[in-house]
Asker: 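The structure follows.
We count ligands from 1, going down the list as the structure has it; atoms in each ligand are counted the same way. As the structure is a prediction and not an experimental result, all values here were calculated from the model.
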Amino acid sequence: MKYKACLFDLDGVLVDTAIYHFKAWRQLGLNFGYQLTEEQNEQLKGVSRVESLDRILAWAGVHASEEDKSKWLTEKNDHYLDLISSMNPNEILPGVSEFLDQLKQQGYLIALGSASKNAQIILEKTGLIKWFDAIIDGNHVSKSKPDPEVFLKGAQALGVAPEECIVFEDAQAGVEAAKKGGMKAIGIGEASVLFEADKVISTFINVKPDSLLTF
Ligand code: G6P
Ligand code: MG
């Protein structure tokens, strides 16, 4: 087998928490009279919490004190934690469980490569955790995607080379991170947005590893 491992982003790939992040950031923006758009939110996918706030403040033209920033980061995360508190296995995106089952049966190693510091709790609440051999999240990295650190650490944790890894990503920054890390990237979403990916699928429904993982 040419490829040994599949590395998954979490938000927007395995579960639809991207919508919860959007809700929480949009609500937060109202503190300084700013209405975040969906197009802007697209650019926040895969970007760490701290950097996301910095970008929103820049778009809004707001110069905030460190104290305000820290208060807003807590406020956003508290709201987000509230939104995800009732997550359950029903929120695993369609086709994902079947796809992960097939990967396991075929001997692929599976790791998480997410910028989120809340990844563990989401994996537990949804039951996704049972498929993962390694979890690298926002608590383990110092550089945000598009830096490849999160995926390189994932490969390292699994004991495989970057060239043996395939990354699944819904974010432009994540696809870029995978490519910079020397890995194949499969985009989940629209080809017009994820044009740097080696392949793009819109959903995992009826997707078979045999036919997808051929490059
Ligand atoms: C993911 C999401 C981003 C989010 C980041 C940090 O990469 O795509 O939108 O900002 O994780 O998430 P956290 O749960 O740590 O705030
Ligand atoms: Mg994502």
Asker: Mind telling me whether F99 and F8 have parallel, tilted or perpendicular rings, with 30° and 60° as the class edges?
Answerer: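 Perpendicular, since the angle between the ring planes exceeds 60°.
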
Asker: Check for a donor-acceptor pair, side chain of Q102 on one end and backbone N or O of K208 on the other, with a separation under 3.5 Å.
Answerer: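 No.
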
Asker: For atom 13 (P) of ligand 1, tell me which residue out of A18, A171, S116, G12 has the closest non-hydrogen atom.
Answerer: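 Looking at heavy atoms only, the winner is S116.
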
Asker: Treating K125 as the side-chain partner and S85 as the backbone partner, does any N or O pair qualify as donor plus acceptor under 3.5 Å?
Answerer: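 Indeed, once roles are kept as given, a pair shorter than 3.5 Å links the two residues.
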
Asker: Judged on heavy-atom distance to atom 1 (C) of ligand 1, which of D11, I84, T17, N139 sits nearest?
Answerer: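 Comparing heavy atoms across D11, I84, T17, N139, the nearest one to atom 1 (C) of ligand 1 lies in D11.
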
Asker: What are the atoms of ligand 1, with element, lying closer than 4.0 Å to any heavy atom of K45?
Answerer: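 Contacts of ligand 1 toward K45, numbered from 1: 8 (O).
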
Asker: Let me know which of I136, V141, V167 forms a side chain to side chain contact (heavy atoms under 4.5 Å, CB included) with F151.
Answerer: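 That would be V167.
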
Asker: Quick check: D9 and ligand 1, any N/O pair under 3.5 Å apart?
Answerer: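 No, there is no polar N/O contact under 3.5 Å.
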
Asker: Quick check on G138 - does any of its heavy atoms sit under 4.0 Å from an atom of ligand 1?
Answerer: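 Checking ligand 1 against G138, which is what was asked, there is no heavy-atom contact under 4.0 Å.
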
Asker: Can you tell me the protein heavy atom closest to atom 8 (O) of ligand 1 and the distance?
Answerer: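 In this structure, atom 8 (O) of ligand 1 has G46 N, 2.8 Å as its nearest protein heavy atom.
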
Asker: Is K117 touching ligand 1 with its side chain, its backbone, both, or neither, if touching means heavy atoms under 4.0 Å apart?
Answerer: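 The answer is both, backbone and side chain.
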
Asker: Can you tell me which residue and heavy atom of the protein come closest to atom 9 (O) of ligand 1, and the distance to 0.1 Å?
Answerer: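 In this structure, atom 9 (O) of ligand 1 has L44 O, 3.3 Å as its nearest protein heavy atom.
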
Asker: Using a strict 4.0 Å threshold on nitrogen-to-oxygen distance, state whether K45 and E169 make a salt bridge.
Answerer: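 No salt bridge links K45 with E169.
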
Asker: Does ligand 1 come near enough to N118 that some N or O of the ligand is less than 3.5 Å from an N or O of the residue?
Answerer: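 Yes, N118 has an N/O under 3.5 Å of an N/O on ligand 1.
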
Asker: Looking only at N/O atoms, are R49 and ligand 1 under 3.5 Å apart anywhere?
Answerer: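 Min N/O separation from ligand 1 is below 3.5 Å for R49.
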
Asker: Mark yes when over 12 heavy atoms from residues, nucleotides or ligands other than N206 sit less than 6.0 Å from its CG; otherwise mark no.
Answerer: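 Check fails, neighbour count at 12 or below.
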
Asker: Considering heavy atoms of the protein only, find what lies nearest to atom 10 (O) of ligand 1 and give residue, atom and distance to 0.1 Å.
Answerer: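 Protein heavy atom at minimum distance: V47 O, 2.7 Å.
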
Asker: Assess whether atom CD of E190 is packed by more than 12 heavy atoms of other residues, nucleotides or ligands within 6.0 Å.
Answerer: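 Atom CD in E190 is not crowded, with 12 or fewer foreign heavy atoms closer than 6.0 Å.
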
Asker: Closest to the Mg ion (ligand 2), which N/O/S atom of D170 is it?
Answerer: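 For D170, the N/O/S atom sitting closest to the Mg ion (ligand 2) is OD1.
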
Asker: What angle sits at the Mg ion (ligand 2) between O of D11 and OD2 of D9, to 10°?
Answerer: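 Once rounded, the angle between the two atoms at the Mg ion (ligand 2) is 90°.
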
Asker: Look at ligand 1 and say whether S52 reaches it with a heavy atom at a distance under 4.0 Å.
Answerer: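 The answer is yes, since S52 has a heavy atom less than 4.0 Å from ligand 1.
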
Asker: Do side-chain atoms of K199 reach the backbone of T214 as a donor and acceptor pair under 3.5 angstrom?
Answerer: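 Present.
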
Asker: Could you tell me whether a side-chain N or O of H79 sits under 3.5 Å from a main-chain N or O of K76, the two making a donor and an acceptor?
Answerer: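 Not confirmed, H79 side chain does not pair with K76 backbone.
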
